[in-house]
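A quick write-up on the structure given underneath.
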Amino acid sequence: MNIRNRVRLEFFSLPENVGFARSCAAAFASQLQCTLDDLEEVKLVVSEAVSNAVIHGYQQHADGTIVMDLMVREDFALEIVIEDFGVGMDDVDKCMEPSYSTDANRMGLGFSFMRSFADELRVNSVPGQGTAVRMLKRFISATAQAMA
Amino acid sequence: MIKTELWDDILIVKLSGDIDISVADGLRAQIDGEYMQQGVHHLLLDLSEVEFMDSTGLGLILGRYKKVTAAGGHTYIVRPRARVKQLLEMSGVSNLIPVYTSLRQVINR
């Protein structure tokens with residue numbers, strides 16, 4: 001699939017960068033014909049994925065690197081890739097189960113929300129090397145634009 | 001980020017802005033500290049000015065519910081915006097904590 005537009009951001013694994021990442025993603029997505037609800041959903045899935053990288057990938061160490069890749073595809077879908085180079089996951093399927101969390105203060109709903117609000121979700125993780133979360137978000141009005 | 005007031009035996013906490021990992025620890029400490037200091041039983045979370053919340057925010061709310069319940073009190077949520085309300089429902093939090101559309105509804109319960 002050809003790419004119409006692309007932004008790649010790299011930032012430290014600091015909690016305050018979670019808000020920055022989701023605002024950037026929403027601003028980038030706003031070039032598509034999408035609703036405010038759509039943008040809220042983009043913000044939510046990015047917030048969940050980047051929070052996971054900060055909390056689990058880097059276990060709250062602030063000097064990790066997170067890369068966010070945002071692409072508008074030729075079919076006007078938004079592709080979001082959040083990548084960290086932290087501890088990775090031994091069992092991705094287990095980590096993606098609703099309510100599974102290694103942290104008692106968290107609900108383990110991050111992946112559930114990503115699955116609910118993104119049209120596609122794919123997670124690649126290698127223990128000791130890191131995790132890449134790829135999400136695809138299609139917007140009805142943008143899809144109509146592509147077909148016009 | 002939060003404003004608090006007392007009504008009878010209820011600590012009313014008005015949250016605002018974005019609730020995510022960057023503010024969750026601070027809010028947790030503030031709410032728990034105020035709840036302990038005031039010596040009340042019940043907690044009401046006014047979410048009317050919360051513009052964004054993710055699962056970290058839901059964890060914060062659930063944690064406060066557990067603490068208040070363990071102390072013999074009740075927790076209430078009032079006036080969440082549509083998206084936040086949707087997340088409360090999807091997560092099952094609204095099955096545990098009643099959600100009201102106004103402060104008056106809680107007071108008159």
Side-chain angles (χ1 to χ4, degrees), chain A residues 11-23 25-26 35-62 64 66 82 95-118, chain B residues 1-2 15-33 35 43 45 47-70 75 77 79-97 99:
Chain A
F11 47 90
F12 275 169
S13 53
L14 287 162
E16 50 265 48
N17 285 339
V18 175
F20 168 76
R22 66 171 176 266
S23 296
T35 64
L36 288 176
D37 266 357
D38 291 330
L39 295 180
E40 284 299 309
E41 291 175 2
V42 168
K43 285 169 73 174
L44 182 64
V45 297
V46 168
S47 201
E48 297 297 350
V50 177
S51 294
N52 273 354
V54 171
I55 295 165
H56 302 297
Y58 290 114
Q59 302 179 329
Q60 307 266 29
H61 293 293
I66 297 172
I82 312 283
C95 292
M96 290 179 73
E97 285 175 7
S99 302
Y100 175 84
S101 180
T102 53
D103 183 337
N105 287 317
R106 297 183 60 78
M107 294 186 71
L109 290 174
F111 279 124
S112 294
F113 285 167
M114 286 182 245
R115 189 177 278 128
S116 296
F117 292 108
Chain B
M1 186 59 75
I2 70 167
L15 297 157
S16 61
D18 291 5
I19 300 183
D20 67 6
I21 182 184
S22 69
V23 297
D25 285 346
L27 289 175
R28 187 178 296 119
Q30 276 183 281
I31 297 169
D32 289 355
Y35 181 76
L43 175 67
L45 299 169
L47 304 184
S48 59
E49 290 181 12
V50 172
E51 292 165 12
F52 173 86
M53 181 185 286
D54 60 14
S55 64
T56 301
L58 293 172
L60 172 76
I61 291 174
L62 190 67
R64 309 294 59 72
Y65 162 79
K66 287 178 180 172
K67 280 205 170 223
V68 169
T69 303
T75 306
I77 292 172
R79 296 189 293 182
R81 295 184 184 187
R83 174 68 62 188
V84 173
K85 187 164 183 272
Q86 181 187 22
L87 298 182
L88 290 167
E89 289 167 357
M90 285 175 69
S91 63
V93 169
S94 58
N95 293 332
L96 299 170
I97 307 173
V99 178

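So you know, we letter chains A, B, ... as the sequences are listed, proteins then strands, and number each from 1. Note: hydrogens, waters and symmetry copies are ignored here, and every other heavy atom, side chains too, is used.
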Item to complete: Identify which part of A:D37 has an atom lying under 4.5 Å from any heavy atom of chain B, answering side chain, backbone, both or neither.
Response: both
Fill in: Side chain, backbone, both or neither of A:S116 within contact of chain B (heavy atoms, under 4.5 Å)
side chain
Fill in: Atom pair CZ (B:R83) and CZ (A:F117), whose distance is rounded to the nearest 0.5 Å
5.0 Å
Response to the item:
dist B:I21:CD1 -> A:I55:CD1 (nearest 0.5 Å) comes out at 3.5 Å
Fill in: Atom group of A:V54 that falls short of 4.5 Å from chain B, counting heavy atoms
side chain
Practice prompt. Identify the heavy atoms of B:S22 and A:P15 that sit nearest to each other, and give their distance.
Written response: CB-O, 3.5 Å
Practice prompt. To the nearest 0.5 angstrom, please state how far the NZ atom of A:K43 sits from the CD atom of B:E51.
Written response: 7.5 Å
Fill in: Side chains of B:L87 and A:F113 in contact at under 4.5 Å (non-hydrogen atoms)
yes
Discussion item. Rounded at 0.5 Å granularity, tell me how far CZ in A:R22 sits from CG in B:D20.
Written reply: 4.0 Å
Worksheet entry | Proximity breakdown for A:F20 and chain B, heavy-atom pairs closer than 4.5 Å | neither
Discussion item. Less than 4.5 Å to any heavy atom of chain A: does that hold for the side chain of B:V23, its backbone, both, or neither?
Written reply: neither
